[in-house]
Amino acid sequence: DVQLVESGGGSVQPGGSLRLSCVVSGYSSHSHCMGWFRQAPGKEHEGVAAIDSGGVTSYIDSVKGRFSISLDNTKNTLYLDMNSLKPEDTGIYYCAARLSTGCSLSEPDFEYWGQGTQVTVS
């Protein structure tokens with residue numbers, strides 16, 4: 001069974017940095033898409049960043065130049081490096097996996113989800 005476990009959330013002042021990690025287990029697919037989503041208070045899930053099995057990345061406009069998604073296949077771990085954090089980055093961050101071809105920031109495309117980790121910028 002595929003499992004995703006996030007860590008690394010916390011509280012930080014505006015302008016600060018955090019690194020989120022997501023350990024992935026239970027699959028051996030060579031075609032996949034991994035992503036980070038977030039949910040701010042009172043808002044819907046929002047796709048933040050995604051990376052496919054070829055290393056191609058995509059980001060929402062509001063985090064471009066500040067966030068970086070990466071995947072360490074030797075550790076089965078997905079990362080999200082967040083810099084120059086703003087209060088509007090506050091929310092619960094989830095990692096997600098899609099075990100087939102195609103990669104986007106569309107929530108319905110992802111099959112597996114972690115439990116989420118809280119990020120607070122204030």
message = Using side-chain heavy atoms (C-beta onward) and a distance below 4.5 Å, is Tyr79 in contact with Met34?
response = no
key: Pairwise disulfide (SG to SG under 2.5 Å) hits with a residue in residues 42-77, at least two apart   = none
message = Between Leu71 and Val63, is there shared hydrophobic-cluster membership here, with clusters defined by ILVMFWY side-chain heavy atoms closer than 4.5 Å?
response = yes
request  = Output yes when a side-chain donor or acceptor of Arg98 lies under 3.5 Å from a complementary backbone atom of Asp109, and no otherwise.
outcome  = yes
message = Can you confirm if the aromatic rings of Trp36 and Phe67 lie within a centre distance of less than 6.0 Å?
response = no
query = Closest heavy-atom contact between Ala49 and Tyr59?
reply = CB-CD2, 3.5 Å
inquiry  = Give me each pair satisfying disulfide (SG to SG under 2.5 Å) with a member in residues 46-92, each pair once, sequence neighbours excluded.
reply    = none
Donor-acceptor contacts under 3.5 Å from residues 15-26 side chains, at least two apart:
from: Ser17; atom 1: OG; to: Asn83; atom 2: OD1; distance (Å): 2.9
from: Arg19; atom 1: NE; to: Asp81; atom 2: OD1; distance (Å): 2.8
from: Arg19; atom 1: NH2; to: Asp81; atom 2: OD2; distance (Å): 3.3

Would you mind writing out the side-chain donor-acceptor pairs for residues 115-122 within the sub-3.5 Å range, not counting sequence neighbours?
from: Gln115; atom 1: NE2; to: Glu6; atom 2: O; distance (Å): 3.4
from: Gln115; atom 1: NE2; to: Glu6; atom 2: OE1; distance (Å): 3.3
from: Thr117; atom 1: OG1; to: Gly9; atom 2: N; distance (Å): 3.2
from: Gln118; atom 1: NE2; to: Gly91; atom 2: O; distance (Å): 3.4
from: Gln118; atom 1: NE2; to: Thr120; atom 2: OG1; distance (Å): 3.4

Heavy-atom side-chain contact between Arg66 and Asp89 under 4.5 Å = yes
ask   = Is the backbone of Asp72 close enough, under 3.5 Å, to the side chain of Thr74 for a donor and an acceptor to pair up by distance?
value = no
remark   = Quick note, salt bridge (Lys or Arg N to Asp or Glu O under 4.0 Å) partners involving residues 53-64, not counting sequence neighbours, are Asp61-Lys64
query = According to a 4.5 Å side-chain heavy-atom criterion applied to Ile, Leu, Val, Met, Phe, Trp and Tyr, with indirect links allowed, do Trp113 and Tyr93 form part of one hydrophobic cluster?
reply = no
request  = Please check if Ile92 and Val5 belong to a single hydrophobic cluster, counting links between Ile, Leu, Val, Met, Phe, Trp and Tyr side chain heavy atoms closer than 4.5 Å.
outcome  = no
key: Least distance between heavy atoms, Gly47 atom then Phe37 atom   = CA-CD2, 3.4 Å
message = I'd like to check His32 versus Ser53 (side-chain heavy atoms, cut-off strictly below 4.5 Å). Are they in contact?
response = yes
request  = Looking only at non-hydrogen atoms, find the nearest pair between Cys33 and Ala50 and report the distance.
outcome  = SG-CB, 4.2 Å
key: Pairs touching residues 111-122 that satisfy salt bridge (Lys or Arg N to Asp or Glu O under 4.0 Å), sequence neighbours left out   = none
ask   = Backbone N or O of Gly55 within a donor-acceptor pair of the Asp52 side chain at under 3.5 Å?
value = yes
request  = With the side chain counted from C-beta on, respond yes when Val48 and Leu105 share a heavy-atom pair under 4.5 Å apart, and no when they do not.
outcome  = no
query = Does Ile51 belong to the same Ile/Leu/Val/Met/Phe/Trp/Tyr cluster as Tyr112, with side-chain heavy atoms less than 4.5 Å apart forming each link?
reply = yes
key: Over 12 foreign heavy atoms within 6.0 Å of CD, Glu88   = yes
request  = Using modelled atom types only, decide if a donor and an acceptor are shared between the side chain of Tyr94 and the backbone of His45 within a distance under 3.5 Å.
outcome  = no
request  = Please report the closest heavy-atom contact between Leu78 and Gly35, naming both atoms and the distance.
outcome  = CD2-O, 3.8 Å
request  = Would you give the length of the straight line joining atom CZ of Phe110 to atom SG of Cys95, rounded to the nearest 0.5 angstrom?
outcome  = 10.5 Å
